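See structure below.
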Amino acid sequence: MLENHHLGAARRATRLKLFEPVLLRIQGHAVRAHLLDLSATGALAHCDSPPCVGDHVLIEASTLGVAARVMWVRAKRFGIHFDLPLPQLTVDRVVRGD
């Protein structure tokens, strides 16, 4: 029950639009992807070969490194929930492209 409450809070986090190239590490394989929006608790991503629901991924970019779980997949888009929320300073830096 606590996990469902936590996910509900994640969906209320403000999502900011962006187009950030990232590297996903999925079960030891590296896959190129793009973040389409970002919040402190998760992101919307896109890639040609998306991971599966439930996969644990590591998202790497120049200003970001975060572990997450894939919550849903629709075609080449997928939603990810971060294992730990990002500090707002990190979210702002990624969105600005610092």
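The shown structure was predicted, so the numbers you read here are calculated from the model rather than taken from an experiment.
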Q | Verdict with reasoning, Lys76 to Asp48, per side-chain contact (heavy atoms from CB on, under 4.5 Å) | A | CA-CA 6 Å; Lys76 295 182 179 186; Asp48 289 333; 3.5 Å; yes
Q) Does the side chain of Leu44 reach to within under 4.5 Å of the side chain of Arg77, using non-hydrogen atoms? A) yes
Q. Roughly how far, to the nearest 0.5 Å, is CZ of Arg96 from OG1 of Thr63?
A. 9.5 Å
Q: Please assess Arg25 against Glu60 for the test side-chain contact (heavy atoms from CB on, under 4.5 Å), listing each intermediate value before the final yes or no.
A: CA-CA 8 Å; Arg25 297 210 181 265; Glu60 298 175 353; 3.1 Å; yes
Q.
With heavy-atom distances below 4.5 Å as the criterion, would you say the side chains of Leu38 and Phe82 are in contact?
A. yes
Q) Can you find a pair of side-chain heavy atoms, one from Pro51 and one from Val70, that are under 4.5 Å apart? A) yes
Q. Shortest non-hydrogen contact from His46 to Leu36?
A. CB-CD1, 3.8 Å
Q. So, does Asp92 use its side chain to make a donor-acceptor pair with the main chain of Leu89 at under 3.5 Å?
A. no
Q | Chi angles and distances behind the side-chain contact (heavy atoms from CB on, under 4.5 Å) call for Leu64, Leu86 | A | CA-CA 9 Å; Leu64 184 64; Leu86 297 176; 3.9 Å; yes
**Q.** Donor-acceptor pair, side chain of Asp37 and main chain of Arg15, under 3.5 angstrom
**A.** no
Q: Apply side-chain contact (heavy atoms from CB on, under 4.5 Å) to the pair Asp55 and Phe78, showing each step before the final yes or no.
A: CA-CA 11 Å; Asp55 278 354; Phe78 54 99; over 6 Å; no
Q. Do Leu58 and Val66 touch side chain to side chain, with heavy atoms closer than 4.5 Å?
A. no
Q. Mind checking whether Ile26 and Val53 sit in one hydrophobic cluster, side chains of I, L, V, M, F, W, Y counted as touching below 4.5 Å?
A. yes
(Q) Between Arg32 and Leu24 (side chain of the first, backbone of the second, donor and acceptor by atom type, cut-off under 3.5 Å), is there such a pair? (A) no
(Q) For a quick test of reading the model, state the closest non-hydrogen atom pair linking Cys47 to Val31 and the distance between them. (A) SG-CG1, 4.1 Å
Q.
I need the minimum non-hydrogen distance between Cys52 and Val73, along with the two atoms involved.
A. C-CG2, 4.3 Å
Q: Measure the spacing between OG of Ser62 and CD of Glu20 and express it to the nearest 0.5 Å.
A: 5.5 Å
Q. Quick check: does any side chain N or O of His81 sit under 3.5 Å from a backbone N or O of Thr41, one acting as donor and the other as acceptor?
A. yes
Q: Search all heavy atoms of Val22 against all heavy atoms of Ala61 and return the closest pair with its distance.
A: CG1-CB, 3.8 Å
Q: Grab the two heavy atoms, one from Ile80 and one from Ala68, that are nearest each other, plus how far apart they are.
A: CB-CB, 4.3 Å
